[in-house]
Asks: 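Before we start, here is the structure in question, set down as C-alpha cells.
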Amino acid sequence: QVRLVESGGGLVQAGGSLRLSCAGTGRTFSSLTMGWFRQGPGKEREFVAAISLTGYLTNYHDSVKGRFTISRDNAKDTMYLQMNSLRPEETAVYFCAARHGTTVVSTAQYYNYWGQGTQVTVSS
C-alpha cells in the first residue's frame with residue numbers, strides 16, 4: 001500500500017556532499033516514522049538516521065552525527081538526507097524506510113515499508 005521511492009544518489013569524491021530524497025505515496029505520509037538505512041558490499045544493512053512524524057525528534061547513527069541531516073516535508077510527502085563530508089567507506093545502497101509506530105527506532109525489522117534503494121559511491 002505504501003510506496004517509497006528514493007532519488008539523489010550518485011558518484012561523489014571523498015569530502016563531498018549529496019542530498020537524498022524519498023517520496024512516499026499510498027497513505028498519509030505524516031502518520032509514518034521515516035528512516036534511512038544503507039548496505040555496502042558484503043555488509044549487513046545498517047541504520048543511518050530516523051525522523052519522527054512531525055520532524056521534532058531525530059535519531060542518528062554515531063558515525064554520521066554532525067555530518068548528516070535528516071529532514072522531512074510532510075506537505076510534499078518527502079523525506080531528505082543531507083550528507084556532508086562523505087567518506088569512501090560510506091559507499092552503499094541507501095534505502096528509505098517507513099513504519100507505523102511513532103518512535104524513531106534504529107532496528108530495521110521494525111520498519112514496515114522499504115524503497116528500492118539508491119546507489120551512493122564515494123571515491124577516494
Asks: Which atoms form the tightest heavy-atom contact between D73 and F29, and what is the distance?
Replies: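 The pair with the smallest heavy-atom distance is O-CE2, 4.5 Å.
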Asks: Got a second to check how far M83's CE is from L18's CG, nearest 0.5 Å?
Replies: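 Between atom CE of M83 and atom CG of L18 there are 4.5 Å.
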Asks: Once you round to the nearest 0.5 Å, how far does OG1 of T33 lie from CD1 of I51?
Replies: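 The CD1 atom of I51 is 10.0 Å from OG1 of T33, to the nearest 0.5 Å.
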Asks: Enter the distance from L32:CG to M79:CE here, rounded to the nearest 0.5 Å.
Replies: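 One finds 10.0 Å between CG of L32 and CE of M79.
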Asks: Verify the distance criterion only: is there a donor paired with an acceptor across the side chains of H100 and Y113 at less than 3.5 Å?
Replies: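 Result is yes, a qualifying pair exists.
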Asks: Would you sort out whether L81 and V48 count as a side-chain contact (heavy atoms from CB on, under 4.5 Å), showing the intermediate values?
Replies: CA-CA 10 Å; L81 184 68; V48 178; 4.1 Å; yes
Asks: Out of curiosity, Q13 CD to S124 OG, how far, rounded to the nearest 0.5 Å?
Replies: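 Result: 10.0 Å between the selected atoms.
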Asks: Start with the C-alpha distance between F68 and L20, add both sets of side-chain angles, then the distance that settles side-chain contact (heavy atoms from CB on, under 4.5 Å), and finish with yes or no.
Replies: CA-CA 11 Å; F68 290 12; L20 306 183; over 6 Å; no
Asks: OH of Y94 to SG of C22: how many Å apart, nearest 0.5 Å?
Replies: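 Answer rounded to 0.5 Å: 15.0 Å.
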Asks: For Y60 versus F47, what's the shortest heavy-atom pair and its separation?
Replies: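 Smallest heavy-atom distance, with atoms named: C-CE2, 3.9 Å.
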Asks: Is it the case that the side chains of N84 and S17 hold a donor-acceptor pair, with the cut-off being a distance below 3.5 Å and no angle test?
Replies: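 Side-chain D/A pair, S17 to N84: present.
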Asks: So which heavy atom on V104 is nearest to which on L57, and how close?
Replies: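 So the two residues come closest at CG1-O, 4.0 Å.
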Asks: Working note: Q119 + L11, criterion side-chain contact (heavy atoms from CB on, under 4.5 Å); need CA distance, chi angles, decisive distance, verdict.
Replies: CA-CA 8 Å; Q119 177 70 45; L11 175 64; over 6 Å; no
Asks: Determine whether V120 and E90 make a side-chain contact, defined as any pair of heavy atoms from C-beta on separated by less than 4.5 Å.
Replies: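 V120 vs E90: side chains apart.
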Asks: Walk me through whether V105 and R99 qualify under side-chain contact (heavy atoms from CB on, under 4.5 Å).
Replies: CA-CA 9 Å; V105 297; R99 65 185 299 264; 3.6 Å; yes
Asks: Using a distance-only test with no angle check, is there a side-chain donor-acceptor pair under 3.5 angstrom linking S63 and R67?
Replies: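 On atom types as modelled, these side chains do not qualify, holding no pair under 3.5 Å.
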Asks: If you take all heavy atoms of K43 and E89, which pair is closest and at what distance?
Replies: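 That would be NZ-O, 3.7 Å.
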Asks: Rounded to the nearest 0.5 Å, how far does OG1 of T91 lie from CZ of R38?
Replies: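 So the CZ of R38 and the OG1 of T91 are separated by 9.5 Å.
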Asks: Tell me, do T102 and L53 make a side-chain contact under 4.5 Å, heavy atoms counted?
Replies: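 Side-chain contact under 4.5 Å: yes.
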Asks: What do you reckon, are the aromatic ring centroids of H61 and F37 less than 6.0 Å apart?
Replies: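 No, the ring of H61 stays outside the 6.0 Å limit from the ring of F37, centre to centre.
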